[in-house]
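Input: a single structure, listed below in structure tokens.
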Amino acid sequence: MINLKILYQNLLKDHGPQGWWPINNKYHPGDYSYPKNDSQRFEICIGAILTQNTSWKNVERALDNLRKKKLLDARKLIIADDQLIKNCIKPAGYFNQKAKKLKIFAEFFIKLKKRIPIRDELLSLWGIGKETADSILLYAYDQPIFVIDTYTRKFLLNQNIIKEKELNHMTYEDIKLFFQENLPKDYKLFQEYHALIVQYGKNLQNN
DNA sequence: AGCCAGGCTACCG
DNA sequence: CGGTAGCATGGC
């Protein structure tokens with residue numbers, strides 16, 4: 001049995017705490033007390049949608065533009081002009097689709113009130129898939145759910161944790177369960193682990 | 001000058 | 001079910 005906790009400790013030693021999810025474009029390494037309010041929670045969700053197949057650098061620009069227009073606010077976003085939203089988020093790409101996704105999510109967020117969303121509710125929204133749903137649950141709602149992305153598969157391969165042949169026929173849910181069943185159910189650990197895997201993957205490319 | 005980025009939907013066989 | 005084109009910008 002692979003000890004995923006040991007691998008985590010090595011990653012943490014190599015890269016240090018990552019401070020995910022950034023709030024107001026600032027990371028907060030080692031501080032797992034975010035989000036501190038509903039506004040920050042909403043910002044994380046918007047970032048999770050904007051970063052779909054897009055570098056975080058471009059998402060930062062989009063978030064800055066939205067912030068300047070006071071649109072990082074669910075109630076203002078739902079009544080905002082579509083073209084204004086598209087102009088703000090243009091740097092993050094796919095702006096036609098993402099503008100629609102943001103409005104749909106904002107509507108949902110308001111109807112939620114203070115309740116924690118259920119995964120299936122998120123998945124039923126147009127524009128929210130598995131990774132985005134899980135990112136929202138883990139980083140905006142502190143739910144102990146492990147997020148899987150392309151970096152996670154590379155990590156498992158590169159560390160010889162799972163062989164390529166086996167990994168190729170594992171679904172998203174399979175990989176997610178593999179992590180969750182081999183780690184203590186701790187949202188702080190899951191938040192840091194996923195961020196470290198991404199950092200690990202980024203470093204691989206520069207070498 | 002392509003290829004890639006903290007994916008998802010729609011549609012195909 | 002699994003596989004893939006299309007979506008769009010900025011960095012390298």
Side-chain angles (χ1 to χ4, degrees), chain A residues 11 15-29 34-35 43-66 82-106 108 117 119-141 143 145-158 164-176 179 187 190-207:
Chain A
L11 281 175
H15 301 101
Q18 299 297 303
W20 279 36
W21 193 282
I23 303 282
N24 198 355
N25 288 338
K26 284 196 291 284
Y27 293 86
H28 41 86
Y34 292 89
E43 179 180 337
I44 293 173
C45 298
I46 296 308
I49 292 170
L50 290 176
T51 198
Q52 291 170 358
N53 200 38
T54 300
S55 65
W56 183 256
K57 194 71 188 166
N58 285 353
V59 176
E60 283 183 339
R61 295 193 179 98
L63 287 174
D64 284 341
N65 293 337
L66 288 170
D82 285 345
Q83 195 54 51
L84 176 60
I85 298 176
K86 290 178 186 177
N87 287 341
C88 288
I89 67 174
K90 188 160 289 190
Y94 310 123
F95 52 84
N96 288 309
Q97 294 187 351
K98 284 178 179 173
K100 182 178 167 188
K101 294 179 183 181
L102 294 191
K103 275 208 168 174
I104 290 173
F105 181 81
F108 171 77
R119 188 169 192 255
D120 283 341
E121 292 180 310
L122 291 168
L123 290 177
S124 74
L125 300 176
W126 188 86
I128 307 283
K130 296 185 175 83
E131 187 187 337
T132 308
D134 287 343
S135 293
I136 287 172
L137 289 170
L138 176 61
Y139 290 103
Y141 291 93
Q143 299 301 294
I145 291 177
F146 209 92
V147 176
I148 307 302
D149 64 357
T150 49
Y151 287 125
T152 315
R153 284 181 180 270
K154 287 180 196 167
F155 170 75
L156 292 171
L157 253 169
N158 219 280
E164 183 165 14
K165 196 174 178 185
E166 188 182 354
L167 191 58
N168 280 339
H169 66 74
M170 284 177 80
T171 67
Y172 180 99
E173 313 294 345
D174 292 336
I175 300 174
K176 177 177 166 181
F179 277 94
Y187 80 87
F190 288 6
Q191 288 182 350
E192 194 65 74
Y193 210 148
H194 174 65
L196 284 166
I197 287 173
V198 172
Q199 187 55 44
Y200 168 84
K202 285 178 175 171
N203 274 21
L204 275 184
Q205 310 190 334
N206 304 329
N207 296 340

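Small disclaimer: the values here were computed from a predicted structure and weren't measured. The basis for the numbers below is simple: all heavy atoms, side chains too, and nothing from hydrogens, waters or symmetry mates. First the proteins, then the strands, lettered A, B, ... as listed; each starts at 1.
For the pair A/Ile89 and A/Ala62, the tightest heavy-atom approach, listed with the atom from each and the gap, is CA-CB, 3.7 Å.
C/dT9 atom P lies 14 Å from atom CG of A/Asn65, rounded to whole Å. Between the CG atom of A/Leu102 and the P atom of B/dC8 there is a distance of 14 Å, given to the nearest Å. As rounded to whole Å, 19 Å separates atom P of B/dG7 from atom CG of A/Leu125. In this structure, A/His169 atom NE2 and C/dC1 atom C1' are separated by 15 Å, rounded to whole Å. Atoms OH (A/Tyr193) and P (B/dG6) sit 19 Å apart, rounded to a whole Å. Remark: P of C/dG6 and CZ of A/Phe95 are 17 Å apart, rounded to the nearest angstrom. Straight-line distance from the CH2 atom of A/Trp126 to the P atom of B/dA10: 7 Å, rounded to whole Å. Going from atom NZ of A/Lys101 over to atom P of B/dG7 covers 11 Å, rounded to whole Å.
The pair A/Arg153-A/Glu166 does not count as a salt bridge, with every side-chain nitrogen at least 4.0 angstrom from each carboxylate oxygen. Ionic pairing of A/Lys100 and A/Asp82 is not present here: no N-O contact between side-chain nitrogen and carboxylate oxygen is shorter than 4.0 angstrom.
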- Query: Dot-bracket for DNA chain B, 5' to 3', counting Watson-Crick or G-U wobble pairs under 3.5 Å, with [ ] for crossing pairs and | for inter-strand pairs?
  - Reply: .||||.|||||||
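A/Trp56 and A/Trp21 have their aromatic ring centers within a separation under 6.0 angstrom. Taking the six-membered ring wherever Trp is involved, the centroid distance between the rings of A/Tyr151 and A/Tyr200 does not fall below 6.0 Å.
When heavy atoms are screened at a 4.0 angstrom cut-off, A/Tyr27 is found touching base atoms of the nucleic acid. Using a 4.0 Å heavy-atom distance criterion, A/Tyr94 is classed as a base contact. Here A/Trp20 lies in heavy-atom contact (under 4.0 Å) with a base. Contact annotation for A/Lys57: no contact, since no heavy-atom pair falls under 4.0 Å across all strands. Residue A/Gln97 is classed as a base contact, given a heavy-atom separation below 4.0 Å to a base. No engagement by A/Ile89 is indicated, since no non-hydrogen atom pair under 4.0 Å with the nucleic acid exists. Residue contacts for A/Ile49: at a heavy-atom cut-off of 4.0 Å it reaches no nucleic acid atom on any strand shown.
In the set B/dC8, B/dA5, C/dG11, the nucleotide with an atom closest to the side chain of A/Lys154 is B/dA5. The side chain of A/Lys90 has C/dT9 as its nearest neighbour among C/dT9, B/dG6, B/dA10. Side-chain proximity of A/Lys202 to C/dG2, B/dG6, B/dG7: nearest is B/dG6. For A/Thr132, the listed nucleotide lying nearest its side chain is B/dG7; candidates were B/dG6, B/dG7, C/dT9.
One side chain, A/Gln52 or A/Lys101, offers a donor N or O that lies under 3.5 Å from an acceptor on the other. Side chain to side chain, A/Thr54 and A/Lys98 meet the donor-acceptor criterion of an N or O pair below 3.5 Å.
Between B/dG6 and C/dC12, the distance separating the two P atoms is 12 Å to the nearest Å. Spacing between B/dC4 and C/dA5 at atom P, rounded to whole Å, works out to 14 Å. Between C/dA8 and B/dA10, the distance separating the two P atoms is 14 Å to the nearest Å. B/dC3 sits 15 Å from C/dG6 when the P atoms are compared, rounded to a whole Å.
Ranked by how close their nearest DNA chain B nucleotide is to the 5' end, A/His194 and A/Lys100 are led by A/His194.
Within the structure, every side-chain polar atom (N or O) of A/Asn58 is placed at least 4.0 Å from both OP1 and OP2 of B/dA5. OP1 and OP2 of B/dA5 both lie 4.0 Å or more from every side-chain N or O belonging to A/Arg61.
Between the side-chain ring of A/Tyr151 and the base of B/dG6, no stacking contact exists by the 5.5 Å and 30° definition. For A/Trp21 and B/dG6, the ring-to-base geometry does not satisfy the stacking test (centroid distance below 5.5 Å, interplanar angle below 30°).
Note on ring orientation: taking the six-membered ring where Trp is involved, the planes of A/His194 and A/Phe146 are perpendicular (angle over 60°, cut-offs 30° and 60°).
A/Lys86 forms no cation-pi arrangement with A/Phe95, by the criterion of a distance under 6.0 Å to the ring centre and an angle within 45° of the ring axis.
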